[in-house]
Amino acid sequence: MIPGKVRNYIKNNFKEGRVACLTGAGISAESGIPTFRGKGGLWERYDPQIYANAPGLISILRTHPEELVNFIVDFYSILLKAHPNLAHRALAVLEKENILSSTITQNIDGLHQQAESQNVIELHGNAFRIRCIQCSQLVVLEKDKLREMIESFKINKNSYIKILKVLSRYFPRCAICGSRYRIDIVLFGEILPADELSRAYKHLNNCDVLLLIGSSLIVYPAAGLPLYAKERGAKIIEINNEPSSLSDLCDYIITGRASEVLPEILGVLGYA
Ligand code: APR
Ligand code: ZN
């Protein structure tokens, strides 16, 4: 699976704390979470101009509340069933063995943390967290509460007012300033969390190798990170089951599924 010259490069160059990674939806595909693009992707079923965009979400809540509920129920039912796969777990081992300095992710599914990666940088937020729109206070959503909320949505999905009542029941007002909460994810057209982005750049400044795992690398600013790392002189290794928009930039390409390639990298380094 991993070509010989890449195996040699990995064996000789994966030094302590000098490897970083940027992951995308592809690493969670084998946990049952659909990717966004490509065959069967989420955006094939739901228009991102509506469902991944604040004005779009507000408009569909008003005009077709049942369609918004279908999306929320569909999306969270998948997330609540998902567990880390061998790829997530292999990255956690690389971090534990002090090879991997950080896991920078575009994913909002929390699977890296569930796989016990400690230094996870979530560029696009986390679907299991809500944030106060005023003071940014964060609250983690309990999964049982989310399951309950999904059931309430299903019963009340045809009424705008009843949906608002479900939302206010499960997303109460902020305990600190009384404002409303929203899901702590970055929608299209919104800015990435500054702290997370600066943490990501700090790790890119200190890495010799950047692994790009399971991302089409077409959404900026996240897709700009490999360009920055490359300019700084880092070697770029892509792990994907098909070419991404930055494949030409990569020094090494490993074509395959992340849940097979990453455990193989552990084997090359003697950790599996
Ligand atoms: N192993 C490795 N790569 C895989 C696998 C797998 N098992 N399955 C799919 N892939 C690859 C696909 O080939 C594709 O290149 O994962 C990539 C998924 O691409 P996208 O669906 O575009 O996901 P991503 O790159 O994470 O999207 C970035 O776009 O919609 C926004 O905010 C959203 O964070 C997301 C961002
Ligand atoms: Zn607040």
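As the structure lists them, so they are numbered: ligands from 1, and atoms in each ligand from 1. Note: hydrogens, waters and symmetry copies are ignored here, and every other heavy atom, side chains too, is used. Keep in mind that what you see is a predicted model, and the values were worked out from it rather than measured.
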Worked verdict on E190 versus R182 for salt bridge (charged side-chain N to carboxylate O under 4.0 Å, His left out): CA-CA 13 Å; E190 296 183 330; R182 57 162 281 175; 2.8 Å; yes
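Of all protein heavy atoms, the one lying nearest to atom 8 (N) of ligand 1 is N241 ND2, 3.3 Å. Atom 30 (O) of ligand 1 has its closest protein heavy atom at W43 NE1, 2.9 Å. Scanning the protein for heavy atoms near atom 35 (C) of ligand 1, the closest one is F36 CE1, 3.5 Å. Considering only non-hydrogen protein atoms, atom 6 (C) of ligand 1 sits nearest to G26 O, 3.4 Å. For atom 19 (O) of ligand 1, the nearest protein heavy atom (residue, atom name, distance) is S216 N, 3.4 Å. With respect to atom 15 (O) of ligand 1, the closest heavy atom belonging to the protein is N240 ND2, 3.0 Å.
Using a 3.5 Å distance cut-off with no hydrogens or angles, the side chains of H124 and T105 do not pair a donor with an acceptor. Defined by atom type and a distance below 3.5 Å, a donor-acceptor pair is present between the side-chain atoms of N119 and R199. Side-chain N/O atoms of E95 and T103 include no donor and acceptor closer than 3.5 Å. Side-chain contact check for Y9 and D251: no donor-acceptor pair (N or O, by modelled atom type) lies under 3.5 Å. In summary, the side chains of Q118 and Q113 do not present any donor paired with an acceptor at a separation below 3.5 Å, with no hydrogens or angles considered.
Within a 6.0 Å sphere centred on CD of E116, other residues, nucleotides and ligands contribute 12 heavy atoms or fewer.
Using a 4.5 Å heavy-atom threshold, the side chains of L212 and L210 count as touching.
Salt-bridge check for E44 with R37: failed, with every basic side-chain N at 4.0 Å or more from each acidic carboxylate O.
Using cut-offs of 30° and 60° for the angle between ring planes, the F71 and Y46 rings count as perpendicular. Ring geometry, W43 versus F188: the interplanar angle falls from 30° to 60°, so the pair is classed tilted.
Taking all heavy atoms of A258, G125, S259 into account, the minimum distance to atom 1 (N) of ligand 1 is reached by A258. Between atom 31 (C) of ligand 1 and the options E30, R37, H124, Q106, the minimum heavy-atom separation is to R37.
Listed by number with element, the atoms of ligand 1 under 4.0 angstrom from any heavy atom of A25 are 23 (O), 24 (P), 26 (O). Atoms of ligand 1 found under 4.0 Å from any heavy atom of G214, numbered from 1 in the order shown, are 3 (N), 16 (O), 17 (C), 18 (C). Using a 4.0 Å cut-off to heavy atoms of F188, the atoms of ligand 1 that qualify are 30 (O), 31 (C). Near E242, meaning under 4.0 Å from any of its heavy atoms, are these atoms of ligand 1: 13 (O). In the vicinity of G24, heavy-atom distances shorter than 4.0 Å reach the ligand 1 atoms 26 (O). Listed by number with element, the atoms of ligand 1 under 4.0 Å from a non-hydrogen atom of A29 are 8 (N). Those atoms of ligand 1 with a heavy atom of V219 less than 4.0 angstrom away are 29 (O), 36 (C). Counting atoms of ligand 1 from 1 in the listed order, those under 4.0 Å from a heavy atom of S215 are 15 (O), 16 (O), 17 (C), 24 (P), 25 (O).
Here the Zn ion (ligand 2) is the vertex; the SG atom in C135 and the SG atom in C174 give an angle of 110° (to 10°).
At least one heavy atom of G256 sits under 4.0 Å from some atom of ligand 1.
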